[in-house]
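Here is the naming used below: chain letters follow the sequence lines, and residue numbers restart at 1 for every chain. The shown structure was predicted, so the numbers you read here are calculated from the model rather than taken from an experiment.
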There are 2 protein chains.
Amino acid sequence: MTAAPRSRRERPAKPALTREGIVAAAVAILRAEGLRKVTMRRLAQELDTGPASLYVYVRNTDELHAAVLDELLGTVGPAPAEGSWRERLERVLTRYTAMLLEHPSLARSALTARPSGPHYLRLIETLLGLLREGGIPRAQAAWGVDLLLQHATATAAEHAGEESPAAWEAVARALREAPAATHPHIAADAGALLSGTPEARLSWAFQTLIAGIERTAVPTEGQEAP
Amino acid sequence: MTAAPRSRRERPAKPALTREGIVAAAVAILRAEGLRKVTMRRLAQELDTGPASLYVYVRNTDELHAAVLDELLGTVGPAPAEGSWRERLERVLTRYTAMLLEHPSLARSALTARPSGPHYLRLIETLLGLLREGGIPRAQAAWGVDLLLQHATATAAEHAGEESPAAWEAVARALREAPAATHPHIAADAGALLSGTPEARLSWAFQTLIAGIERTAVPTEGQEAP
DNA sequence: ACCTGAACACCGTTCAAGT
DNA sequence: ACCTGAACACCGTTCAAGT
């Protein structure tokens, strides 16, 4: 087999650099090999240039990762139409968490470098709308959105580096073996501390957060006119 | 000035490697220069050996960071004696968060590689005891401890990389400038979304979590015999 | 103006070879 | 058994010099 020669016009060997092109290439590397490989050098190699060239379009590695996350947020989809506001809220949050769980290390960097792109704004708008639909006062709803998103993001981030579960096993063993003499509550409740599927815990956590948000007023300085 | 010669016996030039010595040196580097400098190579240099030697005592960099965190947890101190269980609970959590806020990047790695040392166990015992004192059922209290610690850790972790606040400013601007036509809730509540001191938000979050934990039963599979 | 080669200053981890 | 020199395979970021 011989490859047909291509005209220079039809397929330039090296497309011009753009921010979108860089982010798209980063997403491709993320999907294929994980965030650890989404480095400036690797990306430059993929785009057939030197790493220095990327700094014209991206401030640094953190900003690159935030742009990648906003891109993936676009795959979460709109709010469900059926069910009570509580059910819909929990479903949106669960879908967001599930997406992040596919790339836990991205969740980890999202905790530090929050995305601020259009997909992230849309998610905040949706969550805020559902809490207001539930009759939750503005100020509580606003702070509540932050709390809900932080829990989802942190839960996904905890799974980063899960390929070496040595740390988690160490905690479990320490809890099971804690002596009742010095740690009576742990000894009595070790089972409960370690129980529950990740799904059950996530669902309980969202219900817990929503119940708390409904009932806890923000301090006066934090309130807005209604 | 001439340095007095030291006897070889009095001050050996190179102390023997031990796990404790390695962790202590790591804590010293953390205090002086931050977690970014707590690397295997830097640590080896400080201990006058090659990086390969450290792998006899520490599995990898993550495990080293977890050991450092448990060490710092020892500086948090015991539960306060005065006040209602709610007040004492909030005070313990605030002190834990304040300690982590001195080393946000350590909080970030704690989210992934949980510590399992004696100081961490003590903290869990304290929190569990306070929730039980408040009459919260065992299973809820156990899952609640996790939720409270996760919030504290994640909140501190968010401040990692704060020296370059570009990302946070970008979110704030995006929220303030969101058009009412497409994002009515954000436009109406931008003030509330961005309001509140970090202290006020942290305190509200703990109260919210506690209120939720009090009222939300865990699913039956997660429950233990009382 | 835009782009980049080359350099600076580092990383984690492994392993063959030494004592 | 314990320890380590040297190597392997990478990093982020800057900047002088090119087009």
Side-chain angles (χ1 to χ4, degrees), chain A residues 8 12-23 25-26 29-30 32-69 104-106 108-109 112-113 160-167, chain B residues 12-23 25-26 29-30 32-69 104-106 108-110 112-113 160-167:
Chain A
R8 210 188 315 128
K14 194 177 161 181
L17 285 180
T18 61
R19 196 178 206 271
E20 295 82 51
I22 290 170
V23 173
I29 297 175
L30 174 73
E33 305 173 58
L35 190 70
R36 235 188 27 212
K37 301 282 186 170
V38 182
T39 66
M40 294 303 224
R41 291 182 106 107
R42 177 62 203 285
L43 199 46
Q45 186 190 306
E46 209 78 11
L47 293 165
D48 196 21
T49 182
S53 306
L54 304 178
Y55 286 81
V56 177
Y57 304 95
V58 168
R59 190 189 306 269
N60 54 36
T61 308
D62 276 359
E63 199 201 278
L64 174 68
H65 289 175
V68 166
L69 177 57
S105 47
L106 201 57
R108 196 178 174 179
S109 56
T112 308
E162 211 176 30
E163 61 281 358
S164 72
Chain B
K14 194 178 160 182
L17 285 179
T18 61
R19 196 178 206 271
E20 295 82 50
I22 290 170
V23 173
I29 296 174
L30 174 73
E33 304 173 59
L35 190 71
R36 235 187 29 212
K37 301 284 185 167
V38 182
T39 67
M40 294 303 225
R41 290 181 106 106
R42 177 62 204 284
L43 200 46
Q45 185 190 307
E46 208 77 14
L47 293 165
D48 196 21
T49 183
S53 305
L54 304 178
Y55 286 80
V56 177
Y57 303 94
V58 168
R59 191 188 306 270
N60 54 36
T61 308
D62 276 358
E63 199 201 278
L64 174 68
H65 289 174
V68 166
L69 177 57
S105 48
L106 201 58
R108 195 178 176 179
S109 57
T112 310
E162 212 176 29
E163 61 281 356
S164 71

Exercise for the section: Tell me what B:Ser53 touches on the nucleic acid: a base, only sugar-phosphate, or nothing, going by heavy atoms under 4.0 Å. Expected result: base

Problem - Whole angstrom value for the distance that separates P of D:dT14 from CZ of A:Arg59 - result: 11 Å

Exercise for the section: Supply the atom-to-atom distance A:Leu30 CG to A:Ser105 OG, rounded to the nearest 0.5 angstrom. Expected result: 7.0 Å

Exercise for the section: Start with the C-alpha distance between A:Ser53 and A:Met40, add both sets of side-chain angles, then the distance that settles side chain to side chain contact (heavy atoms under 4.5 Å, CB included), and finish with yes or no. Expected result: CA-CA 10 Å; A:Ser53 306; A:Met40 294 303 224; over 6 Å; no

Practice task
Could you check which of C:dT13, D:dT13, C:dT4 has an atom nearest any side-chain atom of B:Thr61?
Solution key: C:dT13

Handout entry: Between P of C:dT13 and CZ of A:Arg36, the distance in whole Å
Key = 10 Å

Practice task
Can you tell me the distance, in whole Å, between the CD atom of A:Gln45 and the P atom of C:dG5?
Solution key: 13 Å

Problem - Side-chain heavy atoms of A:Val68 within contact of A:Leu106, under 4.5 Å - result: yes

Practice task
For B:Arg41 and D:dA7, give me the distance from atom CZ to atom P, rounded to whole Å.
Solution key: 12 Å

Practice task
Considering non-hydrogen atoms only, spot the tightest contact between A:Asn60 and A:Tyr55 and give its length.
Solution key: CA-CE2, 4.5 Å

Handout entry: Distance, rounded to the nearest Å, where B:Asn60 contributes CG and C:dT14 contributes P
Key = 9 Å

Practice task
Can you figure out which of C:dT13, D:dT4, D:dG12 approaches the side chain of A:Thr39 most closely?
Solution key: D:dG12

Handout entry: Interatomic distance, B:Tyr57 OH vs C:dT13 P [rounded to whole Å]
Key = 18 Å

Problem - Test item: B:His65 and B:Thr61 side chains (from C-beta on) under 4.5 Å apart, heavy atoms - result: yes

Problem - Canonical and wobble pairing (Watson-Crick, G-U, under 3.5 Å) of DNA chain C, dot-bracket with | - result: ||.|||||...|||||.||

Exercise for the section: Give a yes or no on whether a salt bridge exists between A:Glu46 and A:Lys37, defined as a side-chain N under 4.0 angstrom from a carboxylate O. Expected result: no

Problem - Nearest-Å distance for atom pair CZ/P, residues B:Arg42 and C:dA9 - result: 15 Å

Exercise for the section: Decide yes or no for B:Leu54 and B:Leu43: does some side-chain heavy atom of the first lie under 4.5 Å from some side-chain heavy atom of the second? Expected result: yes

Handout entry: Rounded interatomic separation in angstrom, taking CG from B:Leu43 and P from C:dT13
Key = 13 Å

Practice task
Please measure how far the C1' atom in D:dC8 lies from the corresponding atom in C:dC11, and state the result in whole Å.
Solution key: 12 Å

